[in-house]
Number of protein chains: 2
Amino acid sequence: MTSTDPAPSGLRPTRQRIAVAEAMASFDDFRSAQDIHELLSRRGEPVGLATVYRTLQRMVESGEVDLLRTEDGEASYRRCSDTHHHHLVCRTCGATIEVEGPGVERWTRAIAEEHGYAQVSHTLEIFGTCAACR
Amino acid sequence: MTSTDPAPSGLRPTRQRIAVAEAMASFDDFRSAQDIHELLSRRGEPVGLATVYRTLQRMVESGEVDLLRTEDGEASYRRCSDTHHHHLVCRTCGATIEVEGPGVERWTRAIAEEHGYAQVSHTLEIFGTCAACR
DNA sequence: AAGCACATGAGAATCATTGTCAACTCGGCG
DNA sequence: CGCCGAGTTGACAATGATTCTCATGTGCTT
Ligand SMILES: [Zn+2]
Ligand SMILES: [Zn+2]
Ligand SMILES: [Zn+2]
Ligand SMILES: [Zn+2]
């Protein structure tokens, strides 16, 4: 199981990487690298900002965390399930729900193929205001 | 018809705004604000970078141009049709095709409603390598 | 022509993200 | 155990896109 690995992928389990992995497991919404850096400092497990960025990048590459661009283009991270999915995010409080849409996956593939595009990937996010924020 | 308005929405048709609007009509892929700024300079219709940014923002707000975030979070702009649509973009050359997916629109709406999210919006882009770039 | 709200642009300021690089740590090896 | 090279870290500088400032210019109305 990949559920509670002490550190990202097959990298050296350093104190810093473990701290970041734990931090990522401690919340459920998307947070910026800076937020995570602060969170770690407050926890008494300070990790250099550059290291936070580097570690997060690694985790994104290995699929351990998802990266989402906010509407103003900033990166935010969240630990997610490992199957392909998209997000329904509350614009106000950040509450996030993972959603799957086989139909959408099929559709994007079909559209791409139809136009002769290969190596297809896609991004799809849904934003709204959740019930609690109304 | 909104096809060849001299300037963005109901704003004053200044030389700069007209130049930007014309520039946007002269290409078919997504370009960064800086690219557009350069293009204008080369054309002999120099427009201040800040003005390019401001004008582009206005055009995005009024729906005259679409804004797309590249994978590294930078904004790029393209003059598009005024109906809601998404993009199939070549990762290599930038060739862009507008696509519509009624099914997807319906799906996102349903998902959001199902989870009690209101004021729903979504972003969806498809990336791939076009036939010419293979 | 006069007045004024709107528009422009050069340059400074922001600010997220990345690059540098010397110091440090891990693990394996003798 | 002590040594060594590859992998890591972090303080700080550097980058680069986007936004702000604000003094100056312009479009349009009266
Ligand atoms: Zn996710
Ligand atoms: Zn998908
Ligand atoms: Zn478009
Ligand atoms: Zn749509």
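Naming convention: chains lettered A, B, ... in sequence-line order (proteins, then strands); numbering from 1 in each chain. Worth saying up front: this structure is predicted, and the values here are computed from it rather than measured.
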**OP:** May I ask you to verify if any side-chain N or O of Gln16(A) is less than 4.0 angstrom from the OP1 or OP2 atom of dT25(C)?
**Re:** no

Original post:
Taking for each residue the nucleotide of DNA chain D bearing the nearest heavy atom, is the 5' side occupied by Ala50(B) or by Val52(A)?
Top reply: Val52(A)

Original post:
Which whole-number value in Å describes the distance from Arg31(A) CZ to dT17(C) P?
Top reply: 16 Å

Original post:
Taking the side chain of Arg12(A) as heavy atoms from C-beta outward, which of dT8(C), dT19(D), dT8(D) is closest to it?
Top reply: dT8(D)

Original post:
At under 4.0 Å, does any side-chain N or O of Gln57(B) touch on OP1 or OP2 of dT19(D)?
Top reply: yes

Original post:
Rounded to whole angstrom units, what separation is found between the CG atom of Asp35(B) and the P atom of dT18(D)?
Top reply: 10 Å

Original post:
Side chains of Arg91(B) and Ser121(A): do they bring a donor and an acceptor to under 3.5 Å?
Top reply: yes

Subject >> Separation of dT17(C) C1' from Glu71(B) CD (nearest whole Å) >> reply: 17 Å

Original post:
Between Arg15(A) and dG10(D), does any side-chain N or O lie under 4.0 Å from OP1 or OP2?
Top reply: yes

Original post:
Quick one: the side chain of Arg54(A) and the base of dG19(C), do they pair up donor-acceptor inside 3.5 Å?
Top reply: no

Original post:
Once you round it to whole Å, what is the distance between P of dT19(D) and CG of Leu56(B)?
Top reply: 11 Å

Subject >> Per Leu49(A) side chain, nearest of listed nucleotides dT17(C), dC28(D), dA10(C) >> reply: dT17(C)

Original post:
What's the verdict on side chain to side chain contact (heavy atoms under 4.5 Å, CB included) for Met59(B) and Val20(B), showing C-alpha distance, side-chain angles and the deciding distance?
Top reply: CA-CA 10 Å; Met59(B) 295 176 89; Val20(B) 172; 4.2 Å; yes

Subject >> Any Tyr53(A) side-chain nitrogen or oxygen under 4.0 Å from OP1 or OP2 of dT18(C) >> reply: no

**OP:** Measure the distance from CD1 on Ile18(A) to P on dT25(C) and round it to the nearest whole Å.
**Re:** 15 Å

Original post:
Would one find a side-chain N or O of Thr14(A) under 4.0 angstrom from OP1 or OP2 of dT8(D)?
Top reply: no

**OP:** Give a yes or no on whether a salt bridge exists between Arg15(B) and Glu45(B), defined as a side-chain N under 4.0 angstrom from a carboxylate O.
**Re:** yes

**OP:** Verify whether one side chain among Arg43(B) and Ser26(B) offers a donor that lies under 3.5 Å from an acceptor in the other.
**Re:** yes

Original post:
Of all the nucleotides listed (dT9(D), dA7(C), dT18(D)), which has the minimum atom distance to the side chain of Thr51(A)?
Top reply: dT9(D)

Subject >> Protein-nucleotide distance (Arg58(A), atom CZ; dT17(C), atom P), rounded to Å >> reply: 17 Å

Original post:
To the nearest Å, how far apart are His37(A) NE2 and dC12(D) C1'?
Top reply: 13 Å

Original post:
How many Å lie between CD1 on Ile36(A) and P on dG10(D), as a whole number?
Top reply: 15 Å

**OP:** Flag the pair Glu64(B) / Met24(B) as yes when at least one side-chain heavy-atom distance between them is below 4.5 Å, and no otherwise.
**Re:** no

